[in-house]
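Side-chain atoms are counted along with the backbone in the values below, which use heavy atoms only and exclude waters and symmetry mates. Quick note on labels: first sequence line is chain A, next is B, and so on, each numbered from 1.
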Amino acid sequence: MCQTTFMAKNLTKRSDDYSKWYNELVVKADLAENSGVRGCMVIKPYGFAIWEKMQAGLDKMFKETGHENAYFPLFIPKSYLSKEASHVEGFAKECAVVTHYRLKNSEDGKGIVVDPDAKLEEELIVRPTSETIIWDTYRKWIQSYRDLPLLINQWANVVRWEMRTRLFLRTAEFLWQEGHTAHATEDEAIAEAKQMMNVYAEFSEEHMAVPVIKGTKTETERFAGALETYCIEALMQDGKALQAGTSHFLGQNFAKAFDVKFATKEGNKEYVWATSWGVSTRLMGALIMTHSDDNGLVLPPKLAPIQVVIVPIYKGLEQLQMISDKINPLVAALREKGISVKYDDRDTQKPGFKFNEYELKGVPVRIAVGQRDLDNGTYEVARRDTLEKEVVPATEIVSKVEFLMEDIQRTIYQKAVEYRSAHITEVQTYDEFKSILEEKGGFISAHWDGSNETEERIKNETKATIRCIPIDAKLEEGRCMVSGKPSSRRVLFAKAY
RNA sequence: CGGGAUGUAGCGCAGUCCGGUAGCGCACUCGGCUGGGGGUCGAGUGGUCGCAGGUUCAAAUCCUGUCAUCCCGACCA
């Protein structure tokens with residue numbers, strides 16, 4: 001195989017300004033752009049195609065674990081939100097509120113204004129999450145242990161009025177799924193919450209090729225209204241952590257707030273046990289930042305809208321026709337294998353332009369065909385992850401592409417695992433902690449005394465937070481790096497998105 | 001909500017200090033030569049300079065007000 005040097009893309013290098021690189025990449029790869037509405041993005045067809053593949057993969061896994069989809073309203077009466085105390089406290093500061101239902105022409109005739117006569121009796125909140133409206137509904141759905149468990153998911157948009165937004169990573173409106181389940185016992189609800197964390201981890205690693213660490217959140221980082229929050233945490237190439245998904249054990253908090261009781265076999269009335277779990281378009285951010293490079297996006301084959309692009313190289317339309325005659329059966333053969341192929345025979349762009357464009361868009365495999373290949377019975381095959389090019393006999397092309405689909409998926413995952421392994425650092429002292437945080441970044445594994453005060457102090461002094469208490473952390477006697485108090489296991493710190 | 005900045009062509013910017021014909025790069029349109037890594041030459045299209053007032057013979061430029069956006073902080077999937 002050979003590796004060629006490329007003309008520099010019009011893309012900021014990661015090493016120059018990681019944040020700028022990300023912002024430019026999202027726009028230049030045609031994934032999304034800012035809209036006329038502050039903090040809200042337009043997801044463009046190419047970006048949305050990736051999201052649709054994520055949805056399809058996740059939805060299948062949800063259904064395999066017994067969940068059904070439903071849909072609940074966008075608007076939530078204000079009074080619902082206040083029924084669960086810690087929940088309202090967590091979300092009140094970032095809610096969009098509907099106060100009126102009508103507009104009218106303004107006095108000067110130049111525009112429209114809110115009609116003051118059309119004030120709502122009770123304001124409506126645009127959902128920041130749907131626990132309240134869903135639990136208000138569940139009260140009607142659940143009477144008996146026979147109605148349980150109730151396993152529902154919804155695909156929806158939600159709004160959280162964020163101060164500072166970034167495409168995919170934090171937008172005022174975002175797309176997500178939220179699962180809301182009800183169970184007869186505490187153990188069953190906890191098992192559900194853990195199961196969904198595992199589903200998320202599996203999806204992230206198998207489909208997105210993004211390795212994650214499973215764990216639980218500390219009390220202060222927990223979801224508003226949850227007794228336990230399970231999470232998956234990924235590490236980005238700039239050494240910052242990204243919370244990729246959360247699954248919450250809600251105890252009986254919402255059942256009590258919305259009076260959802262069921263009759264047990266013995267005929268007693270008991271409150272049901274709840275979970276909720278979600279992942280959002282933020283996963284797009286994780287996907288982009290984990291794999292991509294200075295040449296653009298790098299997509300895992302399993303989520304790439306276009307897995308193989310074929311670029312003809314020709315002089316004159318007559319030659320293009322000869323190439324097309326050769327390529328059409330190949331396209332059919334690849335599609336037969338379930339591979340999504342694009343044959344880009346646009347005469348309006350040059351091959352070099354196309355090469356760059358598809359690299360920017362992260363298409364995993366590119367096949368180039370010119371007269372030379374027709375003469376030799378070959379194709380030039382380039383893989384996006386390593387940028388290696390290889391000349392492959394026509395007879396082997398289909399199996400070569402099938403191999404690359406597997407190999408690229410595996411290779412980028414492995415690369416991400418290696419990066420993460422190299423960026424988990426164990427420290428003993430707070431000084432060591434601070435210097436690693438500043439100079440190297442990544443996850444820092446350290447002893448912590450378990451107190452909110454210490455956690456808060458570290459956050460204030462270093463901006464690092466406890467990302468999670470890893471599920472598989474081994475028990476290890478130690479002393480908190482800050483207070484010196486005893487600790488029984490290490491937790492993971494990082495600066496986070 | 002505190003601190004800083006910016007609004008000029010689809011995008012990115014210069015011009016503003018010191019008032020006097022609206023500019024540049026990319027993109028776009030047409031044509032020629034090209035075609036194995038963002039080709040090239042030529043000819044074009046496109047802007048009431050964020051908005052509203054004011055000063056002046058004359059305002060992108062000076063003054064007043066206003067709106068919007070971005071960046072840095074406190075909050076967050």
Name the atoms and distances for all side-chain donor-acceptor pairs under 3.5 Å in residues 277-286 of chain A, with sequence neighbours left out.
from, atom 1, to, atom 2, distance (Å)
A/Trp277, NE1, A/Glu192, OE2, 3.4
A/Trp277, NE1, A/Thr275, OG1, 3.3
A/Ser280, OG, A/Arg282, N, 3.0
A/Thr281, OG1, A/Leu175, N, 3.4
A/Thr281, OG1, A/Leu175, O, 3.3
A/Arg282, NE, A/Leu169, O, 3.1
A/Arg282, NH1, A/Gln243, O, 3.3
A/Arg282, NH2, A/Tyr497, O, 3.4

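Counting heavy atoms from C-beta outward, A/Asn157 and A/Leu74 have side chains that approach closer than 4.5 Å. Side-chain contact between A/Asp293 and A/Arg14: present, with at least one pair of heavy atoms (C-beta onward) separated by less than 4.5 Å. Side-chain contact between A/Ile310 and A/Val331 is present, with heavy atoms from C-beta onward closer than 4.5 Å. A 4.5 Å side-chain heavy-atom check between A/Trp21 and A/Asp16 finds every atom pair outside the cut-off.
B/C28 sits 32 Å from B/C71 when the C1' atoms are compared, rounded to a whole Å. To the nearest whole angstrom, the two C1' atoms, one in B/U16 and one in B/C63, are 14 Å apart. B/G50 and B/G10 have their P atoms separated by 13 Å, given to the nearest Å. Taking atom C1' on both nucleotides, B/C11 is separated from B/U55 by 35 Å, rounded to a whole Å. Taking atom P in both B/U61 and B/G15, the straight-line distance is 15 Å, to the nearest Å. Here, B/A22 and B/U64 have their C1' atoms 26 Å apart, quoted to the whole Å. If you take atom P in B/A14 and the same atom in B/U56, they sit 32 Å apart, rounded to whole Å. Straight-line distance between the P atoms of B/U29 and B/U45: roughly 15 Å, to the nearest whole Å.
With sequence neighbours excluded, no residue forms a side chain to side chain donor-acceptor pair (under 3.5 Å) with A/Asp472. For the salt bridge (charged side-chain N to carboxylate O under 4.0 Å, His left out) test, no residue two or more places apart in sequence or in another chain qualifies with A/Arg160.
Base pairing of B/C33: its partner is B/G39, meeting the Watson-Crick or G-U wobble criterion (both donor-acceptor distances under 3.5 Å). Pair assignment for B/C49: none, as no Watson-Crick or G-U wobble contacts are both less than 3.5 Å. With a cut-off of 3.5 Å on both pairing distances, the Watson-Crick or G-U wobble partner of B/G12 is B/C24. In this structure, B/C76 forms no base pair with any nucleotide, since neither Watson-Crick nor G-U wobble geometry is met with both distances under 3.5 Å. Taking a pair to require two hydrogen-bonding distances under 3.5 Å in either a Watson-Crick or a G-U wobble arrangement, B/U61 remains unpaired. Remark: B/A5 base-pairs with B/U69; criterion is Watson-Crick or G-U wobble with both hydrogen-bond distances under 3.5 Å.
Screening residues 217-248 of chain A for ring-ring contact (aromatic ring centres under 6.0 Å, His included), with sequence neighbours left out, gives A/His87-A/Phe223, A/Phe91-A/Phe223, A/Phe223-A/His248.
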5' to 3', nucleotides 25-36 of chain B under a 4.0 Å protein heavy-atom cut-off (B base, S sugar-phosphate only, - none) gives ---------BBB
What one-letter contact string describes nucleotides 70-77 of chain B from 5' to 3', where B marks a base within less than 4.0 Å of any protein heavy atom, S marks contact via sugar-phosphate atoms alone, and - marks no contact? --SSBBBB
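A salt bridge is absent between A/Asp344 and A/Lys342: the closest approach of a Lys/Arg side-chain nitrogen to an acidic carboxylate oxygen does not fall below 4.0 angstrom.
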